[in-house]
Amino acid sequence: MRKKMDIMMKKTMAVLLSVTCAAVFTPAAAFAGHAEAATGPDALNTAPAASAWVTAGADKVRIGGTVFDASQASKSGASGRWKWQANSGYDNTKAVSSTNNSGTLTLSGYTLSYGRTSYTVSLPAGAVVRMNGKNKITNTGHNNVTSAIVADGDVMFTGTGSITAVDSKSSSGTKSSYTCGICIKGDIVMNDGNLKGKSMLQKSTAGNADSDGIVVFGDCTLSGRAAISGNGAEAADHSYGGWIGGSLSISDDAVLLAMADTAAYSDALCVSGKMMMNGGSLNLMSGTAAQVSRGTYAAGDVSISGGEVSILSGDVSSAAKSGKADAYDYGIESDGNISVSGGKLYVTAGTNKINSQNAALCGRDISVTGGITYAACAGGTAAAAKNSITLGSGITAKAAGKDAGSYDTAAAVRDGTIVYTDGTDTVRAKYVKLAPEAETAGTVLTNGKYTYKVTTNKVEGLFYGGKTAVTGFAPGQSASSVNVQDEFDSGDYSYYVSSVAAGAFAGNESVRKAALPYTITSIGAKAFCGDRNLRTVRISSTGIRTVGSNAFKGINGKAVINVPNSKVKAYTKLFRKAGMPKTVKVY
């Protein structure tokens, strides 16, 4: 996940950095915009009330054309199987769980498309949805408000499978119209499984024409290995990937992805409460907008203490609205405070071609006390706070110029923004890194069973602190297998493992197997010398250029070394020169 995220961020950064950085410094008040005065349309009031989404009614379940309130029902066929099992004693004052619920709907490889009502599947408050295999629910109906799946209150999704919920058609009449893949009229809890909500093109041109991936009127809590994604399509008015009426909490290895498409207002994620990121992954992307484009908007505080966050907003461009005060483009906008105490954050804002309300981070107060934060805004400023920006002990601010990825210019906090000196001018930073310094070359790090020495901290990769050489087992550690990983985390940074140090595992008669990752480019002298019981070596790297003397001298004569097919001949020659016994086979 981190490698894909890092590649995406690096490419985006290169594009952003192709735009000139210099801009005469002005106080934050000039561009803090919406976060200061809360001007412009309130995104959280654009969705209709929860009552607008009709359901089958309390204690009733609807699957396509079948409505029932029986304690048990099921159906099997070529399109898969669904089963409903009611449960008595549901307490709606407590969170829905495996023991506190109104019933369980189990979907097993089930596919259903229905278009005679505003929704395809309707669930009562307190339902648990268990996902087995791949399931797809599609709504093809026309109405003022439509959704593939709707729940009358709190609901819990769980299981090892997935559900894709698609609202495939929209109203085209004169009434306000809203389409969404999934609508939950309460809280949603997920600790496993994969849930996808998608709304298709919204063609209505009168009133509010919204396309929402997922709408949750209560809190959204994601933990474990839960994965949820929302995709709002192109719309005449609003496109939302996700809309949450309460607070959002992400922890453990949970994942939330949300994307919004072209619209007058394009918001990947709107949250009326707090946003709390304690782990997992959050990926948001908004589209091009005529007036507003935001990666995320939160009415409450935004708190990031762990996990990986990638947020990108699209451009705002409309010649007809040139100079309008209520147009803005933000990566993260909060009417509360933004605090980062851990994790990895990358946030960018597009270009606002209407006015100067344009920032990657925009909030009342912004505090960075830990983790690694990158903020980039080609057309405005990296960070803008109504009150102040605070950097914790050990956190330094570095600005980047035209050289993509090079954050080597000292920056400072001033008047609610971050500035640096360009020649004789003080300019506001468009691209900043807020983070502790990476470890210097020569520093010894311990991770798990092994110790590593930092060889260089000059590497490509936004969240990488440097390259290292594995130097051997950590004190008190030993094993029959050496299994070197390609990277590891230490502090806020990740570090590549690019070499095996000289003598790293020499003279260790306990070692019987060894595996080296694809990142290895060199093996030091006597790295495995004298490991007479080493019989199996697996090397994934195709980039080994040097092998030190006697690196494999004295390993077991019957050993086999498995290498990439394209490197058998070259590596055999390298290893022979490094003292590998002639009886050892390289294949």
Side-chain angles (χ1 to χ4, degrees), residues 5-6 8-10 12-17 19 21 23 25 28 31-33 35 268 275 277 282-286 293-298 302-304 308-314 328-334 337-352 356-386 388-392 395-401 404-420 427-436 462-463 492:
M5 180 179 175
D6 204 70
M8 179 187 71
M9 292 175 177
K10 189 173 184 296
T12 305
M13 202 57 133
V15 174
L16 289 170
L17 287 168
V19 182
C21 281
F25 170 71
F31 47 83
M275 284 182 61
M277 183 82 182
L282 176 65
N283 296 273
L284 308 174
M285 181 182 293
S286 62
S293 182
R294 295 175 292 198
T296 187
Y297 166 64
V302 175
S303 174
I304 300 170
E308 298 176 346
V309 181
S310 173
I311 299 177
L312 295 84
S313 71
Y328 33 86
D329 191 321
Y330 297 119
I332 297 178
E333 180 193 2
S334 172
N337 302 321
I338 299 173
S339 64
V340 181
S341 59
K344 296 174 171 65
L345 171 64
Y346 175 81
V347 56
T348 73
T351 300
N352 186 345
S356 61
Q357 296 185 86
N358 195 193
L361 294 173
C362 187
R364 188 171 57 203
D365 288 295
I366 299 175
S367 171
V368 179
T369 58
I372 303 172
T373 297
Y374 285 91
C377 181
T381 185
K386 177 182 178 181
S388 65
I389 295 177
T390 303
L391 303 183
I395 301 296
T396 60
K398 297 288 183 68
S406 179
Y407 288 82
D408 53 10
T409 302
V413 174
R414 183 187 296 184
D415 295 332
T417 189
I418 297 173
V419 301
Y420 68 99
V427 298
R428 61 189 184 188
K430 295 172 181 278
Y431 317 99
V432 299
K433 175 184 178 181
L434 308 174
L462 296 175
F463 299 112
D492 292 307

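In this text, all values refer to a predicted model and were calculated from it rather than measured experimentally. One-based numbering along the sequence shown.
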Distance from [X] atom [atom1] to [Y] atom [atom2], nearest 0.5 Å?
{"X": "Asn337", "Y": "Lys386", "atom1": "CG", "atom2": "NZ", "value": "11.0 Å"}
{"X": "Leu282", "Y": "Met277", "atom1": "CG", "atom2": "CE", "value": "5.0 Å"}
{"X": "Thr369", "Y": "Ile395", "atom1": "OG1", "atom2": "CD1", "value": "7.0 Å"}
{"X": "Met275", "Y": "Ile332", "atom1": "CE", "atom2": "CD1", "value": "6.5 Å"}
{"X": "Ile366", "Y": "Thr390", "atom1": "CD1", "atom2": "OG1", "value": "9.5 Å"}
{"X": "Thr373", "Y": "Ile304", "atom1": "OG1", "atom2": "CD1", "value": "7.0 Å"}

Exercise for the section: Determine whether Leu434 and Leu391 make a side-chain contact, defined as any pair of heavy atoms from C-beta on separated by less than 4.5 Å. Expected result: yes
Practice task
Sequence neighbours left out, what passes side-chain hydrogen bond (donor to acceptor under 3.5 Å, both in side chains) with Ser388? Give chain and number order.
Solution key: Asp365
Completion exercise
With sequence neighbours left out, the residues meeting side chain to side chain contact (heavy atoms under 4.5 Å, CB included) with Ser303 are Ser339
Practice task
Under the salt bridge (Lys or Arg N to Asp or Glu O under 4.0 Å) rule, collect the residues that match up with Lys433, sequence neighbours excluded.
Solution key: none
Practice task
Run through Asn283, Leu361, Thr296 and flag the one making a side chain to side chain contact (heavy atoms under 4.5 Å, CB included) with Ile311.
Solution key: Thr296
Considering all heavy atoms, the nearest [X]-[Y] contact:
{"X": "Arg428", "Y": "Gly380", "result": "NE-O, 3.7 Å"}
{"X": "Ala382", "Y": "Cys377", "result": "N-CB, 4.4 Å"}
{"X": "Ser286", "Y": "Ser313", "result": "OG-CA, 3.0 Å"}
{"X": "Ala384", "Y": "Ala359", "result": "CB-CB, 4.3 Å"}
{"X": "Asn358", "Y": "Gly350", "result": "ND2-O, 3.0 Å"}
{"X": "Gln357", "Y": "Asn352", "result": "O-ND2, 3.0 Å"}

Practice task
Answer yes when Glu333 and Arg294 have at least one side-chain N-carboxylate O distance shorter than 4.0 Å, and no when they do not.
Solution key: yes
Problem - Lys398 side chain to Asp408 backbone, donor-acceptor under 3.5 Å - result: no
Practice task
Before giving the answer on side-chain hydrogen bond (donor to acceptor under 3.5 Å, both in side chains), spell out for Thr417 and Thr381 the whole-Å C-alpha distance, their side-chain angles and the decisive distance to 0.1 Å.
Solution key: CA-CA 8 Å; Thr417 189; Thr381 185; 3.2 Å; yes
Problem - Polar side chain donor-acceptor pair, Ser293 to Asp329, under 3.5 angstrom - result: no
Exercise for the section: Return the orientation label for the Tyr374 and Tyr346 ring planes: parallel under 30°, perpendicular over 60°, tilted otherwise. Expected result: tilted
